Protein chains: 2
Amino acid sequence: MSPPTPASQDTRTRILDAAARLFHEQGFNATGVSTILREAGVNPGSLYNLYPSKDALLAAVLERYTELLHPIVMAPVEAKASDPIERIFALLQQYRDWFSPLEFRLGCPIGNLALEVADSHPEIRPLIQQNFDGWSGYVERWLREAGDRLPRSLDRRQLASTVLTVMEGGLMQARSSRSAAAYDASVAQLRQYFDLLLARASGGGKHT
Amino acid sequence: MSPPTPASQDTRTRILDAAARLFHEQGFNATGVSTILREAGVNPGSLYNLYPSKDALLAAVLERYTELLHPIVMAPVEAKASDPIERIFALLQQYRDWFSPLEFRLGCPIGNLALEVADSHPEIRPLIQQNFDGWSGYVERWLREAGDRLPRSLDRRQLASTVLTVMEGGLMQARSSRSAAAYDASVAQLRQYFDLLLARASGGGKHT
DNA sequence: TTCATGGTTGAATGAACATTCAAGCATTGA
DNA sequence: TCAATGCTTGAATGTTCATTCAACCATGAA
């Protein structure tokens, strides 16, 4: 129970928590360092002792998201559903459950940053990429677990990427309309697609 | 050949052009008014004579996007493909052709703004919504034109919204990876879905 | 000619921005 | 007890931000 560098460790997490929350709520450019300092209860010198710049802090936040991907995002899904294909829809449902109480005011923390800083901050883009790869990597693994319930010719990686597309594209529209409709619509169509794929793999190779 | 308010008209379009381009390239928050002024070759007083604030300028840019939706985006697609379903994929192809030469550095001008300012600027959100509605409205109309080539039970509006989802979600990933792969993947999966829908509508009601 | 109108000029404003740094403090090992 | 180390303090820096405004100018009507 004795952390190696107690004060600094605590400061670090307080800063990371505040920064992550504010970047998510307001975006990167719209969040002032002074706000992060206030919310974290920390002075400028402490922050700049740990992170040389606001950009470096953003990088740290994104590394943290990568670390938290499994414990926060994927583990609950794996616990809720055991069937690999149902896990995919449980994942999509989880995002809905997270964001619909706030009327989709926030959106995906990674997706937001992707569009805001992807091409202005070259050192940040790979970290966003890494988060997306991790996310769709889980989906791709589940699709492989589904084995021959899906057509053999189906490109699992393509479909995994499409699941992420549905998540991000649906959330973007939900955010713009402050309603779940577009998100639900895209998920419903994805479900339809899965049903057709599953039927084709089990039922018949009627078409060619 | 004599415009009603020549100087002001010209100033207005120069400002709108510069603002639209810079918001697209750098984002709204990252674009300084001074940069817009420089690029438009205009002085602060002139801008603030036309638009009371930077936010109002953004609103004007988004209204302009709505006006340009048909002439710039939809008309070329309608010219290139006459089949309603092919128009959908021609539209998706057109975005690819626009953004792949720049290695997907820019992304969708509306989508970017959607995630950056949707919930910080209440007066802006409806204008983003309006653009999305217009876009998916065209797709929905094409889907209806396809008539019974698609299953009767299919929700045309849902699918139209999904096409937009594919476009935005795919572009977001393309932007993060600086590669067309994820965009192409999502479009390919959408095409598969359409093929299955078309087959089911023509071929058989084998499944229930 | 004179006045009114609408657009333009560009220096000035104050607030907010990210960042710095000299000074101080607590904890540790010697 | 001392020195060293690493973290914290918070006022200060210089820059950039969006916005203002008094003065100026071109145009057209009276």
Side-chain angles (χ1 to χ4, degrees), chain A residues 1-62 113 116-117 120-124, chain B residues 1-62 113 116-117 120-124:
Chain A
M1 272 297 182
S2 56
T5 46
S8 169
Q9 196 71 332
D10 186 51
T11 306
R12 174 173 260 121
T13 58
R14 282 219 311 284
I15 291 174
L16 280 178
D17 286 350
R21 187 170 51 78
L22 289 165
F23 290 163
H24 188 201
E25 286 172 3
Q26 319 188 345
F28 176 72
N29 288 308
T31 298
V33 173
S34 61
T35 312
I36 299 172
L37 296 171
R38 177 163 28 83
E39 303 272 299
V42 152
N43 291 320
S46 288
L47 192 157
Y48 282 91
N49 178 53
L50 292 168
Y51 305 103
S53 68
K54 190 187 174 191
D55 288 2
L57 174 56
L58 173 60
V61 166
L62 281 165
L113 292 170
E116 191 182 0
V117 302
S120 58
H121 294 66
E123 77 284 7
I124 297 295
Chain B
M1 270 300 186
S2 58
T5 46
S8 170
Q9 196 71 331
D10 184 53
T11 307
R12 176 173 258 121
T13 58
R14 282 219 311 284
I15 291 173
L16 280 177
D17 286 350
R21 187 169 50 79
L22 289 165
F23 291 163
H24 187 202
E25 287 173 3
Q26 319 187 343
F28 176 72
N29 287 307
T31 299
V33 173
S34 61
T35 311
I36 299 172
L37 296 171
R38 178 163 26 85
E39 303 271 300
V42 154
N43 292 322
S46 287
L47 191 157
Y48 283 91
N49 177 51
L50 291 168
Y51 306 104
S53 68
K54 190 188 173 190
D55 288 1
L57 174 56
L58 173 60
V61 167
L62 281 166
L113 292 169
E116 191 181 1
V117 301
S120 58
H121 293 67
E123 78 283 8
I124 296 296

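In what follows, chains are A, B, ... by sequence order, proteins preceding strands, each numbered from 1. From a predicted model like this one, the values you see are computed outputs, not experimental measurements. Hydrogens, waters and symmetry mates are skipped; everything else that's a heavy atom, side chains included, is used.
- Side-chain contact between B:Ile124 and B:Leu113: absent, with no pair of heavy atoms (C-beta onward) separated by less than 4.5 Å.
- Between B:Arg38 atom CZ and D:dT16 atom P there is a gap of 11 Å when expressed in whole angstrom units.
- Residue B:Thr35 is classed as having no contact, given no heavy-atom separation below 4.0 Å to the nucleic acid.
- Set against D:dT8, D:dT20, C:dT20, the side chain of B:Tyr48 has D:dT20 as its closest nucleotide.
- Both A:Ser46 and A:Asn29 lie near DNA chain C, and the one whose nearest nucleotide falls closer to the 5' end is A:Asn29.
- For A:Leu47 and D:dA11, the CG to P distance is 17 Å, given to the nearest whole Å.
- Using modelled atom types, no side-chain atom of A:Glu116 and backbone atom of A:Gly27 make a donor-acceptor pair closer than 3.5 Å.
- Picking from D:dT9, C:dG7, D:dT19 the nucleotide with the shortest atom distance to the side chain of A:Asn43 gives D:dT9.
- Residue B:Ser53 places no side-chain N or O under 4.0 Å from the OP1 or OP2 atom of D:dA18.
- Looking at the side chain of A:Val33, the nearest of the listed nucleotides C:dT8, D:dT19, C:dT19 is C:dT19.
- Here the P atom of nucleotide C:dT20 and the OH atom of A:Tyr51 are 17 Å apart, to the nearest Å.
- Within the 3.5 Å criterion, the main-chain N or O of B:Leu50 finds no donor-acceptor partner in the side chain of B:Arg12.
- If you take CG of B:Asn49 and C1' of D:dA23, they are 15 Å apart, rounded to a whole angstrom.
- The interatomic distance linking B:Arg14 (CZ) with C:dT8 (C1') rounds to 11 Å, in whole Å.
- Here D:dC17 presents its P atom at 11 Å from CD1 of B:Ile36, a figure rounded to the nearest Å.
- In this entry the distance linking CD of B:Gln26 with C1' of D:dC17 reads 14 Å, nearest Å.
- Between A:Lys54 atom NZ and D:dT15 atom P there is a gap of 19 Å when expressed in whole angstrom units.
- Between A:Ile36 and A:Leu57 the shortest side-chain heavy-atom distance falls below 4.5 Å.
- Within 4.0 Å (heavy atoms only), B:Gly45 reaches at least one base atom of the nucleic acid.
- Each ring-ring contact (aromatic ring centres under 6.0 Å, His included) pair with one or both residues in residues 32-59 of chain A, not counting sequence neighbours, would appear here, but there are none.
- The phosphate of C:dA16 has neither OP1 nor OP2 within less than 4.0 Å of any side-chain N or O from A:Ser34.
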